[in-house]
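One structure is given below, encoded as structure tokens.
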Number of protein chains: 2
Amino acid sequence: MLTERQLLILKAIIDDYITHAEPVGSRSVSKREDMSYSPATIRNEMSDLEELGFLEKPHSSAGRIPSQKGYRYYVDHLLSPQKLSKKDKSGIQSVFQERFSEIEEVIQQSAKILSNLTSYTSIVLGPEVFESTLKQLQIIPISNEAAVAIIVTDTGHVENQTVAIPEGLNTHDLEKVVNIINERLKGVPLVHLRHKLTTEIGKVLEKYIDQYDLMLSLLNRTFISHQNEKVFFGGKTNILAQPEFHNVERVRELFNIFEENALISKLFRAEDQGLTIKIGQENRFEPFDECTVITATYAIDGKHMGTVGILGPTRMEYPRVVGIMDYMAKDLSKLLTNRYNK
Amino acid sequence: MLTERQLLILKAIIDDYITHAEPVGSRSVSKREDMSYSPATIRNEMSDLEELGFLEKPHSSAGRIPSQKGYRYYVDHLLSPQKLSKKDKSGIQSVFQERFSEIEEVIQQSAKILSNLTSYTSIVLGPEVFESTLKQLQIIPISNEAAVAIIVTDTGHVENQTVAIPEGLNTHDLEKVVNIINERLKGVPLVHLRHKLTTEIGKVLEKYIDQYDLMLSLLNRTFISHQNEKVFFGGKTNILAQPEFHNVERVRELFNIFEENALISKLFRAEDQGLTIKIGQENRFEPFDECTVITATYAIDGKHMGTVGILGPTRMEYPRVVGIMDYMAKDLSKLLTNRYNK
DNA sequence: ATTTAGCACTCGACGTAAGAGAGTGCTAAC
DNA sequence: GTTAGCACTCTCTTACGTCGAGTGCTAAAT
């Protein structure tokens, strides 16, 4: 268990390192306003903190930097989220209230605000599709061989996919089927569509439609793979301003990762409701060993929808970011609930 | 006018610099197989070429590097496009033939191939919307206040936009209007839609519809601003492997530019049909002063559609890239014409 | 028993100097 | 016209010395 004084010193060192990105020496800690001990005393405590694993030394004659364990302790016990300034709050509000827009635009905007406010990179996972339900299906033939299938969800989101028309399919029947689907499957979550196709309305279709097999194969392809979440970035290049990324090889690696939506989605998907902080190796992903990922979930009317996330160096301005994220997630939830849940 | 020998030497130097990215000295030029002159002779010629502005020296005791003028001359007079290897060709073909897909997927794939083959960054501008025409319009109310407008084009592309429903608008009328539009404006290029709305069918609408003004405002918003081209990237990070970008500040600048689709679109939009090469400052854009942009246009059935482009260092493998681009643009045109022009 | 002053020591950062190496430009010989 | 030879130039690398921030230990002060 750490003593009161150790806590004070640990917090001082981390706060200092967060802002200056340089190893913190005993002298500069001692000089702080709320610090009434001499450098020598601090040195002794620092030595202890190092032995306990909360601090480390880049080399023997440098100051200390927080270890991953140090950050973890800081986050768990010493962190007090910063209240947002009125300016920040009104900044968020104003962007949201700008105009009526599709849910994805709102999300995209959120990512942008988040990165602007934090000056880190923000990553927002769009509403998870399995929560949204079918509003309307359209299949529009483009040529003799292809058609565009359009799915509109209750949130106003539009998915579209080009599908080949199986040879010999009667387009008249296709229309009929689309109508049946629109009548009977409205309100069904997208992820269940494929399943319902065979269970719920399978019999109906078989009765009305000659080429049931052909039709099914077409519809299956229409409903396939809408499970991939959209990923929205804000301030992709913000993180390059951090000294941690002053080497092009790393940058390259990072941006390659950014291109892999599936990976990003996996890394940022929140496991729990609420705010999560993953520091360094807690991300279980080697290129992020010196990064912290903070995620928060947003919801529509209490139903979990997606995740807003921030990627920054482990040396992140935790108080500020946590404050912002918290506010943001709640505000976003409120907004989305108001707009799309009536 | 340059002598035969000067041409030979200029070409040798540029070829060498392109592959090794280091100033080329007289000795290494002299050692080339096809070079039968001593370093001293070469030095004299190099000196002349420098005076003529085709070469420059990073410093007085280094070898020469090509100047922008040097590259320009090389490209205009010395360049012989590389024939693609069978492997490369079949690589391209196989990706294209993979499966039936929407035009945008084809374009995206093209960008990917292009960057893989060249190991530079590729940027492909999607089909310009003004060429594509209306296939079908749908307006689907989502709530009492909002609707999704969906425009399907003849190429199978889907545009969608959320619009607010003006207060007091009769949704029954809306349906009627959509029907009228689908009957009368099918085949009209998207960019003309707004115009036709008031001219062609204005009178019809006025006759049938009470709230003509409200309706018009909604439709206007539906048809607005589809002129922004989509931009597809391939190998965004490829260019970071170039020594020219071994400094993070530059990388940051570049990636910021990448985020600005409008700017990219402007920079890469081809002015003429066919292949264009812009070297360094010819791009008229300071961050690209040490980059070359090569663009080629693709077409459907002869109608200009969009641009494929490559961004690399001025020290680019011109023969290879030009060969690839040429093949690619033609192949893409052929493919698109076959698929979407029947 | 704590705390602190003092001091030797460590180690990276920075600046300077020396040497190597690649390349040039000029001159004179071929 | 071409080329060998050579002095010269400039960068790059390495080595070395110095500076300064910071530590850890010891002994004195509280």
Side-chain angles (χ1 to χ4, degrees), chain A residues 1-10 12-17 19-32 34-67 70 243-244 246-247, chain B residues 1-10 12-17 19-67 70 243-244 246-247 315:
Chain A
M1 193 47 210
L2 297 182
T3 66
E4 208 46 44
R5 191 166 71 187
Q6 282 174 324
L7 292 181
L8 186 68
I9 291 173
L10 181 58
I13 290 175
I14 297 187
D15 282 338
D16 193 292
Y17 188 65
T19 47
H20 299 107
E22 251 152 53
V24 185
S26 56
R27 227 175 80 89
S28 67
V29 173
S30 160
K31 268 196 271 183
R32 292 175 74 104
D34 53 348
M35 198 63 63
S36 49
Y37 306 97
S38 75
T41 311
I42 312 249
R43 275 206 290 285
N44 287 327
E45 295 288 22
M46 280 163 88
S47 196
D48 290 349
L49 284 168
E50 187 180 350
E51 260 176 46
L52 292 167
F54 295 106
L55 296 178
E56 42 195 44
K57 278 190 288 197
H59 58 85
S60 75
S61 77
R64 302 299 205 293
I65 60 174
S67 67
E244 282 84 352
H246 262 0
N247 127 18
Chain B
M1 193 51 209
L2 297 183
T3 66
E4 211 43 47
R5 189 165 73 187
Q6 283 175 322
L7 293 181
L8 186 67
I9 293 174
L10 181 59
I13 292 175
I14 297 187
D15 282 338
D16 192 291
Y17 188 65
T19 46
H20 300 107
E22 253 154 49
V24 185
S26 55
R27 228 175 79 89
S28 67
V29 173
S30 159
K31 267 195 271 182
R32 292 174 76 101
E33 286 219 335
D34 53 347
M35 197 64 64
S36 50
Y37 306 98
S38 75
T41 309
I42 312 254
R43 276 206 290 283
N44 288 327
E45 294 288 22
M46 280 164 87
S47 197
D48 290 349
L49 284 169
E50 186 180 351
E51 260 177 44
L52 291 167
F54 294 106
L55 296 178
E56 42 196 44
K57 277 190 288 197
H59 59 87
S60 74
S61 77
R64 302 298 206 293
I65 61 174
S67 68
E244 282 84 352
H246 263 0
N247 129 16
R315 185 187 58 70

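First the proteins, then the strands, lettered A, B, ... as listed; each starts at 1.
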query: Contacts to DNA chain D from residues 55-64 of chain A, heavy-atom cutoff under 4.0 Å, which residues?
result: A:Lys57, A:Ser60, A:Ser61, A:Ala62, A:Gly63, A:Arg64
- line: To the nearest angstrom, the CG-P distance between B:Leu8 and D:dT2 comes to 13 Å
- prompt: Rounded to whole angstrom units, what separation is found between the CZ atom of B:Arg5 and the C1' atom of D:dT2?
  reply: 8 Å
statement: Walking DNA chain D from its 5' end, the first of A:Glu50 and B:Ser38 to be reached, judged by nearest nucleotide, is B:Ser38
- prompt: What closest approach, in Å, do A:Met35 and A:Ala12 show between heavy atoms, and which atom pair accounts for it?
  reply: CE-CB, 3.9 Å
message: When you compare the side chain of B:Thr19 with that of B:Arg315, does any pair of heavy atoms fall below 4.5 Å?
response: no
query: For the pair made of CG in A:Leu49 and P in D:dG22, what is the distance, rounded to whole Å?
result: 17 Å
- request: Hey, which sits more toward the 5' end of DNA chain D by its nearest nucleotide, B:Asn44 or A:Asn44?
  value: B:Asn44
- prompt: Are any non-hydrogen side-chain atoms of A:Thr3 and A:Leu8 less than 4.5 angstrom apart?
  reply: no
Distance-only donor-acceptor hits, side chain of residues 45-54 of chain A, under 3.5 Å, sequence neighbours excluded:
| residue | atom | partner | partner atom | Å |
| --- | --- | --- | --- | --- |
| A:Glu45 | OE2 | A:Arg5 | NE | 2.7 |
| A:Glu45 | OE2 | A:Arg5 | NH2 | 2.7 |
| A:Glu50 | OE1 | A:Arg64 | NE | 2.8 |
| A:Glu50 | OE1 | A:Arg64 | NH2 | 2.9 |

field: Residue pairs involving residues 22-32 of chain B (criterion side-chain hydrogen bond (donor to acceptor under 3.5 Å, both in side chains); sequence neighbours excluded)
entry: B:Ser26-B:Arg43
All side chain to side chain donor-acceptor pair (under 3.5 Å) counterparts of B:Ser38, not counting sequence neighbours: B:Thr41
- request: Heavy atoms only: give me the nearest B:Ile65-B:Pro58 pair and the separation to one decimal.
  value: CG2-CG, 4.3 Å
query: Passes side-chain contact (heavy atoms from CB on, under 4.5 Å), A:Ile14 versus A:Val24? Steps please.
result: CA-CA 8 Å; A:Ile14 297 187; A:Val24 185; over 6 Å; no
message: Without decimals, in angstroms, what is the distance between B:Asp48 CG and D:dT2 P?
response: 12 Å
message: With heavy atoms of chain A within less than 4.0 Å as the criterion, where does contact along DNA chain C begin and end?
response: C:dT3 to C:dG12
- prompt: Hey, does the side chain of B:Arg43 come within less than 4.0 Å of D:dT2's phosphate (OP1/OP2), counting only N and O?
  reply: no
- request: Would you please name every residue forming a side chain to side chain donor-acceptor pair (under 3.5 Å) with B:His20, sequence neighbours left out?
  value: B:Asp16
message: What is the separation between atom CD1 on A:Ile13 and atom P on D:dG22, rounded to the nearest whole Å?
response: 12 Å
field: Rounded distance (Å) that lies between atom P of D:dG1 and atom CD of B:Glu4
entry: 17 Å
message: Rounded to whole Å, please give me the gap between CD1 in A:Ile42 and P in D:dA21.
response: 18 Å
